[in-house]
Amino acid sequence: MSHRTHPSRKLCDTLGELLTTRDGFETARLLQDPDLFADRTTPPASQHPANQPGIPEPRAAQAILDWQPTEVDGGQVFVHADSRVLRPATDPPPHRICLLGESAAAGYFYLPDVTPAKLLESQLAATTTLGCYEVVDLTRPALTLDELLATAAACLAMKPHLLLLFAGNNWLWTTLGPRLDRYAEHRLADFRYRAAVIEEAGVAGLRDAVHQELEQRAAAALDRLATIAAEGSVRVVWMVPEVNLTGIEASQPVYWLPGNHCARWWRAHQRATAHLERGEAGRAATSARRMIALDDGACATSHSLLARALEQAGDADGASRARRAEVDAATWDSIFRRPSAVPSPVLETLRDACRQHGFGCVDLPTVFAHHTGSPLSDGRLFLDHSHLTIEGMWIATAAAAAAVLHLLPATDMPQPPDWQQIVAATPPPTVAPKVDALAKLYAGLYNLQMGNGSGTAEALFRAALSAEPGIGESMIDLLHSRLAPGRGFMSADRAHQPESPYGLVPGTWVAWELGADILSALSAALAASGQSVTRALDRWLIDHHQPRAAGVDLAAPFYRTYVGGQRPYKVPPESSLFRALHPESTSPRVRDGQRALRLAPTLRRGARRAAARRRGQVAVTVNDLRVGELAALDHWQQYELHIERSLLRPGLNHLRLAWPLPGKRGDTALQIAIRRLRQGLPADLYPVFGEIFSLVSYLDRDTPDPSAPSRHKST
């Protein structure tokens, strides 16, 4: 029996095929725009007197972030999402200040209880008896530079007297060029430009090129802001941002260098690290300076090691310069970068532009250094890379208040105070223990997600427990949910959170990886507070992640351990293939400690050459004990490796693969990268030490001779 195809079937099939392409999808998005096919014919001018020549067309009221324009009693007001109402200015009007900025300006992780906007308003109120200052909070996390300018222009409808902008940290990731390890798509010109820079000045030349681009964007942004301010006849104060200099450690690997300089760099790295561990600051500094000479100063890790050595030697000024250089070197690459920061050239651009346009300038790096007595900002003022502690917000807003009072002094104020006088007159805000504990818990988790290291996170977890011991219950729920089968947000631990006095926000439970660093930091903090969960954690791990008969692939994204910036910003990661961009790769393994283990890795050595098969020994260690070597080649190979029961412990074990260093092929690798970038193809700017297709772990039922050599199969 024949079946007739419905006439619409072919049309639907064609439409479906189109929607699977990028052009088809973008076209569909355009067609969803209600204004695309709107009637654009011009009605008679007599019907629209506002459109007569010489009469400007009125600007329609529009939403300003979370504030919606609303008509009340024939007048326009702005209503916030939380029901606050901003009414027209009274007579005499209070000085209306609009605060614009990113997550640091919004008060993460203390909002809505404590925010810079609330602190600023209270500090201004404390300086005068007239109550003539009003602060409108127009901050939003992840605000981009373009959104910042759009908000500044839109908020003129609120009739502000002054715009206070606390921004700059997000420009790093919202204005950087494309990811060069992905396809160019529609940014082929950017790829070709970067290829030309690398050909002329090496990979390190990208740092200066990117900084120049950021400087130009910053200068153009403040030029545009000056135009907006002139249009609205408003004053402007810019808060030049500061970042945490000592609490964030760089882990950027070195990019391809000429000849065998990559191998020399990594050997110097090993020496510098060893010297630091032994307290040999002078020798560590010497090795770090050799690294800087090899990488032309554009690798953040080299400056980080030098800073640590100088800090160990007590040279605060030298360490500060090294930390600034570290920030500058961690702000040019989209893969290995700080989550937020402003490079030194952009800081200078902001300061110069403020002088040029007559803006007030709150230079937070200078203010914070004066307040703490040290040029090295640290965890006293920052929860993470850029978000402020209560003290940090208090000092920052005091400096902002002094700048505001200088431009808009109150009538009962003979002489505007400076920020130190405001700090002395306004005590730091108090915060409820529960709010403080939750803020530090969220900040610790955020530090780990951003690859800032477990040390900082553990300190924050301990501080959270010290502020409110009861929050330990939510920490245990979080631990258990990460180990339970399935996704954490579907676990029973998540289900009863709404009933907890320390209920965590939904995003906390969306875990896509095991997160060995999170497990260790949380359990260590709980143990330090007398709430040890070590045995329970081991039991949960064994119950849910012990290798079964079919084995467990430790190379899967769920079990990966990422080093610093290697943790993908898109989660889960796009590729299941693990590419080692550091000489060592680690992965957590779960064992009951009663049986031996068999590993079946499938891997190959990185930095391959098609014309030759080169061998390289990959050292395998478990819990820092060497268990064997694998003779890795340039092609895929499967191995089998037996690990004795005596080397394993119940619960979490750490497997480490140490890859061979690259040989003398830096020049060839750079030429390949340049050629690929010109074609718009993904390029390896960093040596790939090895690639892992799978790393399957089995329970070994037999007990083979431990002295037997490893077996491997070529594939």
Side-chain angles (χ1 to χ4, degrees), residues 89-101 105 107 114-139 152 155 158-167 222 225-226 229-230 232-242 347 350-375 377 381 388 390-430:
T90 59
D91 189 21
H95 292 310
R96 178 168 291 171
I97 301 156
C98 288
L99 172 62
L100 295 80
V114 180
T115 68
K118 292 179 179 179
L119 280 177
L120 176 62
E121 192 167 75
S122 66
Q123 288 168 326
L124 289 171
T127 61
T128 175
T129 60
L130 300 179
C132 57
Y133 294 95
E134 171 188 46
V135 179
V136 182
D137 193 339
L138 296 179
T139 60
C155 78
M158 293 180 168
K159 306 298 183 183
H161 297 84
L162 185 143
L163 301 181
L164 174 62
L165 296 98
F166 182 7
L222 269 74
L225 182 63
S233 300
V234 298
R235 306 288 185 89
V236 175
V237 173
W238 194 287
M239 298 178 68
V240 177
E242 175 63 304
L347 290 177
L350 292 175
R351 294 171 180 133
D352 291 342
C354 286
R355 287 190 289 267
Q356 176 187 347
H357 295 297
F359 296 165
C361 182
V362 177
D363 194 344
L364 285 184
T366 302
V367 170
F368 285 165
H370 189 280
H371 174 68
T372 61
S374 170
S377 55
L381 301 176
L388 296 167
I390 294 293
E391 182 180 0
M393 281 192 276
W394 175 51
I395 299 303
T397 54
V404 169
L405 292 170
H406 178 75
L407 293 176
L408 299 175
T411 56
D412 64 340
M413 185 183 303
Q415 180 67 32
D418 58 28
W419 67 267
Q420 295 99 324
Q421 292 172 319
I422 295 176
V423 167
T426 57
T430 57

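Heads up: numbering here begins at 1 and tracks the sequence. Predicted model only: the values in this text are computed from it and were never measured.
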Any side-chain heavy atom of Leu364 sitting closer than 4.5 Å to one from Phe166? yes
With sequence neighbours left out, write down each residue that passes side-chain contact (heavy atoms from CB on, under 4.5 Å) with Ser377, or none if nothing qualifies. Glu242, Leu245, Phe382
Got Ser122 and Thr426 here, is their nearest side-chain heavy-atom distance under 4.5 Å? no
Side chain to side chain, Pro116 and Leu99, heavy atoms closer than 4.5 Å: yes
Nearest heavy-atom neighbours spanning Val114 and Met393: CG1-CE, 4.1 Å
With the side chain counted from C-beta on, respond yes when Leu164 and Leu100 share a heavy-atom pair under 4.5 Å apart, and no when they do not. no
Does Ala167 have any side-chain contact (heavy atoms from CB on, under 4.5 Å) partners at least two apart in sequence or in another chain, and if so, which? Glu102, Leu148, Trp238
For Asp352, the salt bridge (Lys or Arg N to Asp or Glu O under 4.0 Å) test, sequence neighbours excluded, returns Arg355
Short question: side chain of Arg96, backbone of Val135 - any donor-acceptor pair under 3.5 Å? no
Minimum heavy-atom distance Ile422-Ala398, with the two atoms named: CD1-O, 3.7 Å
Nearest heavy-atom contact between Leu388 and Ala396 is CD1-CB, 4.3 Å
Taking only residues two or more places apart in sequence, or in another chain, which ones meet Thr366 in a side chain to side chain donor-acceptor pair (under 3.5 Å)? Asp363
Tell me every residue that passes side chain to side chain donor-acceptor pair (under 3.5 Å) with His357, counting only those two or more places apart in sequence or in another chain. Asp223
For His370, give me all partners under ring-ring contact (aromatic ring centres under 6.0 Å, His included), at least two apart in sequence or on another chain. Trp419
Keeping to residues at least two apart or across chains, list the side chain to side chain donor-acceptor pair (under 3.5 Å) pairs with something in residues 390-404. Gln123-Thr397, His371-Glu391, Arg380-Glu391
Can you give me the closest heavy-atom contact between Leu350 and Pro241, atom names plus distance? CD1-CD, 4.2 Å
For Glu121, enumerate each residue passing the side chain to side chain donor-acceptor pair (under 3.5 Å) test, keeping only those at least two apart in sequence or located in another chain. none
Any residue meeting side chain to side chain donor-acceptor pair (under 3.5 Å) with Arg235, in chain and number order, not counting sequence neighbours: none
Is Leu225 close to Val236 at the side-chain level, that is, under 4.5 Å between some pair of heavy atoms? yes
Would you mind reporting whether Val237 and Leu165 have side-chain heavy atoms less than 4.5 Å apart? no
Listed partners of His95 passing ring-ring contact (aromatic ring centres under 6.0 Å, His included), at least two apart: Tyr133, His161
Can you tell me how far OG1 of Thr372 sits from CD1 of Ile395, rounded to the nearest 0.5 angstrom? 9.5 Å
Smallest separation among heavy atoms of Pro409 and Pro416, with atom names: CB-CG, 4.4 Å
Minimal non-hydrogen separation, Cys354 against Gly360, with atom names: SG-O, 4.2 Å
Gap between atom CD of Glu134 and atom SG of Cys98 - 0.5 Å precision: 8.5 Å
